[in-house]
Amino acid sequence: MTQRDDGELEMDVGSVRAQLVELSEKLKDLEALRDENADLRSRLAAGSGDQSKPGPITVHVRTPVPPPRLGVFTGLKPKGGGEVAFTDWVERVEQYLFEAQDPDEAFRRVRASLRGLAAEQAKTCKSAQDIVNSLKGIYGTTQTQEDLYRQFARLRMEKKEPPSEFFSRVWGSFADLNKDGTYTETEAARKVFHTFMIEAKIQHPMLCLELRNSFGFPGTASPDPSRVLRQIRELEEGQHGESSNLKATAAAHTLTTAPEIDYDKLATLVAQKLSASANQVPPQRTAPRGPCYKCGEVGKHYKRDCPNQANPQRVAQAKKQLNY
């Protein structure tokens, strides 16, 4: 391209043609890139759908796994209806506690799996693990049948041991002894109640009297162990409150109205009474007015004091003479 004298540009045909060829080549390259891009998009669409219009999003929600069934433990031999033996119950509970995340929920579920006597025995526990440990101490054992029988026969109530704890100990010992179901539920209740009453009456006679009035005589009565344990705890609470009131009243009375005792005068009076009793002459028995009904003698003695041999003929004659 050249510039003329009048200022207009004069184009070189050869150079223009060269530029057109160069542009044509660039267009071909762009078309190749466009085809390559279209092919890539088609392959992507075939593998994962049309990316220009996203389809519905699939969300995989994990269904929560329901907690395991713990069964029902009553402290007695299982009778169906979801009841299980202690070994099965404790195995399920320990597995559940290993995986549990909420301690409060675990405590609620474990406590809800107990019925009857076992529920009463775990009533004072504060956590699920406390329940397991407490019931293991009562029902868990590896002793032989002979050892268990000997242990039950030697049960003794310790000093200051609460009656409720001793009753739970008696029942737990017998439950271990009766794992094979030798004794029926009624027989087991009778033996446990009898053993408890025999031991507890020494330290707690009034409590045992209340239990006897409520459930019957030991050896024949076979009350529900859970009811017995519940009443024992109620009586313990009542005795505790009454004992506190009596102690307070006795202390106040001692501080205000305690009398002075003359022990020498009291000893003299006791000695005089004993001396007078020793010197008293026993009253003489009056002689009988009728005949002796053994030997027939009249006015000498009664039949029970008769030293003679029996004489029925003389007795009949004496009765006839005296119109007896």
Side-chain angles (χ1 to χ4, degrees), residues 67-98 100 103 106-158 161-200 222-233 236:
R69 296 185 62 184
L70 304 181
V72 177
F73 178 62
T74 63
L76 305 173
K77 184 180 179 181
K79 298 185 297 183
E83 295 183 10
V84 295
F86 176 73
T87 52
D88 296 333
W89 178 85
V90 77
E91 182 179 353
R92 297 181 188 184
V93 169
E94 288 182 338
Q95 179 64 28
Y96 167 63
L97 294 181
F98 179 75
F107 177 52
R108 186 192 66 78
R109 289 201 69 234
V110 173
R111 187 171 56 182
S113 69
L114 301 175
R115 299 284 189 279
L117 181 62
E120 286 292 329
Q121 290 168 332
K123 200 171 185 179
T124 58
C125 297
K126 304 299 182 183
S127 67
Q129 193 60 51
D130 286 346
I131 294 176
V132 174
N133 295 338
S134 176
L135 296 184
K136 271 186 175 181
I138 298 173
Y139 298 99
T141 181
T142 57
Q143 295 172 298
T144 64
Q145 191 75 2
E146 184 178 352
D147 292 336
L148 293 171
Y149 185 82
R150 189 181 299 111
Q151 176 181 316
F152 179 76
R154 292 177 179 176
L155 281 175
R156 296 293 181 269
M157 189 174 190
E158 300 175 359
E161 181 180 13
S164 57
E165 292 185 7
F166 178 63
F167 185 84
S168 293
R169 198 153 58 88
V170 172
W171 179 259
S173 178
F174 190 83
D176 289 335
L177 175 64
N178 196 37
K179 280 184 177 179
D180 56 355
T182 303
Y183 300 95
T184 65
E185 186 175 330
T186 301
E187 292 172 338
R190 182 173 63 251
K191 289 182 178 295
V192 169
F193 184 65
H194 179 262
T195 301
F196 170 81
M197 293 287 280
I198 293 299
E199 284 296 315
S222 53
D224 180 8
S226 60
R227 290 181 55 205
V228 176
L229 182 58
R230 191 179 306 116
Q231 182 160 343
I232 290 174
R233 285 179 172 156
E236 283 178 342

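Put simply, the side chain of Thr182 never gets that close to the backbone of Asn178: no donor and acceptor are under 3.5 Å apart. Remark: the backbone N or O of Lys79 is paired with a side-chain donor or acceptor of Glu83 at under 3.5 angstrom. A donor-acceptor contact shorter than 3.5 Å is absent between the side chain of Ser173 and the backbone of Val170. Here the side chain of Glu187 pairs a donor or acceptor atom with the backbone of Thr184 at under 3.5 angstrom. Under a 3.5 Å cut-off, the side chain of Trp171 and the backbone N or O of Leu117 do not form any donor-acceptor pair. A donor-acceptor contact shorter than 3.5 Å is absent between the side chain of Arg109 and the backbone of Tyr96. Judged by distance alone, with hydrogens and angles left aside, the side-chain atoms of Glu185 form no donor-acceptor pair with the main-chain N or O of Leu76 at under 3.5 Å.
The distance from the CD atom of Glu165 to the CG atom of Leu229 is 10.5 Å, given to the nearest 0.5 Å. Here CD1 of Ile198 is found 10.5 Å from CZ of Arg156. Values are rounded to the nearest 0.5 Å. Taken to the nearest 0.5 Å, the OG atom of Ser127 stands 11.0 Å off from the CZ atom of Arg111. Between atom CG of residue Leu135 and atom SG of residue Cys125 there is a gap of 6.5 Å, rounded to the nearest 0.5 Å. Distance check: Asp88 CG to Leu70 CG gives 12.0 Å after rounding to the nearest 0.5 Å.
Taking all atoms of both residues into account, the shortest heavy-atom contact from Val228 to Pro223 is CG2-CG, 3.5 Å. In plain terms, the two heavy atoms of Thr87 and Val90 that are nearest each other are O-CG1, 3.4 Å. Closest non-hydrogen pair, Val110 versus Ala128, comes out as CG2-CB, 3.9 Å. Here the closest heavy-atom approach between residue Arg69 and residue Arg92 is recorded as O-CD, 3.3 Å. Between Gly75 and Ala175 the shortest heavy-atom distance is O-CB, 4.3 Å. Taking each heavy atom of Ser134 and Gln121 in turn, the nearest pair found is OG-O, 4.2 Å.
Side-chain contact check for His194 versus Lys191: every heavy-atom pair is 4.5 Å or farther apart. Looking at heavy atoms from C-beta onward, Phe73 lies out of side-chain contact with Val93 at the 4.5 angstrom threshold. For the pair Ile131/Phe107, a side-chain contact is recorded, criterion being any heavy-atom separation below 4.5 Å from C-beta on.
Residues that satisfy the ring-ring contact (aromatic ring centres under 6.0 Å, His included) test with Tyr183, not counting sequence neighbours, are Phe174. Checked against side chain to side chain donor-acceptor pair (under 3.5 Å), Glu91 has no partners two or more places apart in sequence or in another chain. Phe167 pairs by the ring-ring contact (aromatic ring centres under 6.0 Å, His included) definition with Phe196, not counting sequence neighbours. Shown here are the side chain to side chain donor-acceptor pair (under 3.5 Å) partners of Arg150, two or more places apart in sequence or in another chain: Glu146, Asp147. When the side chain to side chain donor-acceptor pair (under 3.5 Å) test is applied to Ser226, the partners found at least two apart in sequence or on another chain are Asp224. In this structure Pro103 satisfies the side-chain contact (heavy atoms from CB on, under 4.5 Å) test with no other residue, sequence neighbours excluded.
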Please report the C-alpha distance between Arg169 and Glu199 in whole Å, then the side-chain angles of each, then the deciding distance to 0.1 Å, and finally whether the salt bridge (Lys or Arg N to Asp or Glu O under 4.0 Å) criterion is met.
CA-CA 12 Å; Arg169 198 153 58 88; Glu199 284 296 315; over 6 Å; no

